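I have placed the structure first, in the form of structure tokens, so that the comments after it can refer back to it.
If you're wondering where the values come from, they're calculated on a predicted model, not measured in any experiment. For ligands, and for the atoms within them, numbers begin at 1 and follow the listed sequence. Sequence positions, counted from 1, serve as the residue numbers for this chain.
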Amino acid sequence: MIKAVKGFKDILPDETPYWQFLEEKARKLLKSFGFREIRIPVLEKLELFDRGIGSTTDIVEKEMYTFKDKGGNLVAMRPEATASIARAYIENALHLKDPLGKYYFIGPMFRYERPQAGRLRQFNQINVEVFGTKSSSLDAEVMALLHNIADEVGISDGVTLEVNHIGCKKCRPIYRQILINYLNQNREALCEDCRKRLERNPLRALDCKRQNCRRVALSAPKLTDHLCDECRSYFEEVIEYLQIYQVPHVINPLIVRGLDYYTGVVFELTTTELGAQSAVAAGGRYDYLVEELGGPSVPGIGFAIGEERAVAMLKNRKKLTPPAPLFFFAVLGDAAKKKCIPIVLELRKRGVYTEMEHENRSLKSQMRKANRLKARYAVMVGEDELEKGRAVVRDMEKKEQFDIELSSEAFLKLAEEEVR
Ligand code: HAM
């Protein structure tokens, strides 16, 4: 038997109602916040992620699915969507059309990570990006959207929005040096990875999950204490606007994010419900990404929700069952089947979920099937019914039986009464 590739998972029909629920709620809110859908390709030139995400990040260094295509081009399966959406924004000159570009994208990402609960090699994200404006109220609005999606989906009781500001091109290098000095003093306590990070990407050491590193991180000098005046007052404004938008949040100076394009405000929506994987969603500002990718100088901010993780939380709270048919047509004999098919077709065209037996089984076994599918009405049609032009209908809920005209109009009328 051929099994799926490690870290790649099927989402089975019993599970898809949760995904549809999450995506429907998100799409509805995204629309009311003025976001439009964009769809980006799975493959990009490797160089895009190298330049966009940063060549020293874990994603680019260790986790990308890269290969040479038959034309010898070095390509990568997107490990995230922000760089791709920025590429699409530049390539299609969207800044000319949309001075404030608000886009969203839902789809799979690919990272060669060690698979575990809540961590896959193909996983799905709901991505939200805004290009064109840098404003503290917009930053709060983007976080408000994330909070509102969590709320609408019904998982906001289990998450915390953690917010931080990681400085700008002026103040971050100064802090970086202060942090390097501090980490060097505590070098012995750091894990191998963090020692390596020390020179190249020291902020990532603040994010390390190992216990000793965490201890070092907790006592480290805080970036928020070393922000320049401009960044500090901007951050204060963001926090004030979060209150106005009624978004519960905490400030966590250890949120640094693992992608190099971030500047300024960053945030994570975390939970304690999913074991080692605490981030359900994450994002932040990326004011230089578009320019660094060869586009105009346009600021940006966004986030991505990890759908597997949001679905896991949703499942802990809500039971979604597959839809049940309103009618199950139990037909006895070919003549009955042929008479019922146009009726079944008409009901389906009108959006009424209807099932019909194809296998010419006994009435008893067809009724069992109607029961198993949790059909509301079992419709029985045999020779007698054909002669009279009427069908026997069993209300499976009330356990009552009656007969109605064997016509699509009669069944549609019954369906309408059911809706009422
Ligand atoms: P990220 O933090 O790499 O950010 O991923 C965002 C979310 O995707 C995570 O919080 C997590 O829920 C989910 N996720 C990440 N990796 C995995 C995995 N291997 N398995 C399951 N879920 C995973 C980004 O991707 C940025 N592009 C977000 C962003 C958008 N920033 C600005 N705009």
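Residue Ala279 has at least one heavy-atom neighbour below 4.0 Å for each of these atoms of ligand 1: 10 (O), 11 (C), 12 (O). If you number the atoms of ligand 1 from 1 as listed, the ones under 4.0 Å from a heavy atom of Gly283 come out as 31 (N). Listed by number with element, the atoms of ligand 1 under 4.0 angstrom from any heavy atom of Arg257 are 1 (P), 2 (O), 4 (O). Counting atoms of ligand 1 from 1 in the listed order, those under 4.0 Å from a heavy atom of Ala282 are 2 (O), 10 (O), 28 (C), 29 (C). Using a 4.0 Å cut-off to heavy atoms of Glu80, the atoms of ligand 1 that qualify are 25 (O), 26 (C), 27 (N). Each of the atoms 26 (C), 27 (N), 31 (N) of ligand 1 lies under 4.0 Å from some heavy atom of Tyr261. Taking every heavy atom of Val280 and a limit of under 4.0 angstrom, the matching atoms of ligand 1 come to 10 (O), 12 (O). For ligand 1, the atoms sitting less than 4.0 Å from at least one non-hydrogen atom of Phe303 are 29 (C), 30 (C), 32 (C), 33 (N), numbered in the order shown with element in parentheses.
Checked against the 6.0 Å centroid criterion, the rings of Tyr104 and Phe35 do not qualify as a close aromatic pair.
Side-chain atoms of Asn148 and Glu152 include no donor-acceptor pair closer than 3.5 Å. Defined by atom type and a distance below 3.5 Å, a donor-acceptor pair is present between the side-chain atoms of Ser136 and Glu237.
Annotation: atom 13 (C) of ligand 1 to nearest protein heavy atom, Gly306 CA, 3.6 Å. Scanning the protein for heavy atoms near atom 31 (N) of ligand 1, the closest one is Tyr262 OH, 2.6 Å. Scanning all protein heavy atoms for the shortest distance to atom 14 (N) of ligand 1 gives Phe123 CE1, 3.5 Å. Closest protein heavy atom to atom 19 (N) of ligand 1: Glu113 OE2, 2.7 Å. When only non-hydrogen protein atoms are considered, atom 33 (N) of ligand 1 lies nearest to Glu129 OE1, 2.8 Å. The nearest heavy-atom contact from the protein to atom 30 (C) of ligand 1 is Thr82 OG1, 3.0 Å. The protein atom (non-hydrogen) at minimum distance from atom 20 (N) of ligand 1 is Leu120 N, 3.0 Å. Nearest protein heavy-atom contact of atom 8 (O) of ligand 1 is Gln125 NE2, 3.1 Å.
Heavy-atom separations between Gly118 and ligand 1 include at least one value shorter than 4.0 Å.
Under the ring pair (Phe, Tyr, Trp, His ring centres under 6.0 Å) rule, Phe411 has a single partner from Tyr377, Phe328, Phe327, which is Phe327.
Distances from atom 3 (O) of ligand 1 to the heavy atoms of Arg119, Lys9, Arg111 put Arg111 nearest.
Between Tyr286 and Tyr261, the ring planes lie perpendicular to each other; the angle is over 60°, past the 30° to 60° tilted range. Between Tyr234 and His165, the ring-plane angle classifies as perpendicular under the 30° and 60° cut-offs.
Phe303 is listed as a side-chain neighbour of Leu145, based on a closest heavy-atom distance under 4.5 Å. Side-chain contact between Lys45 and Leu74 is absent, with no heavy-atom pair separated by less than 4.5 Å. Counting only heavy atoms from C-beta outward, the side chains of Arg309 and Gln277 approach each other to under 4.5 Å.
Geometric assessment of Arg121 against the ring of Phe8 yields a negative cation-pi assignment under the 6.0 Å and 45° thresholds.
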So Glu80 and Thr82, side-chain hydrogen bond (donor to acceptor under 3.5 Å, both in side chains) or not? Walk me through it.
CA-CA 6 Å; Glu80 63 109 48; Thr82 312; 3.3 Å; yes
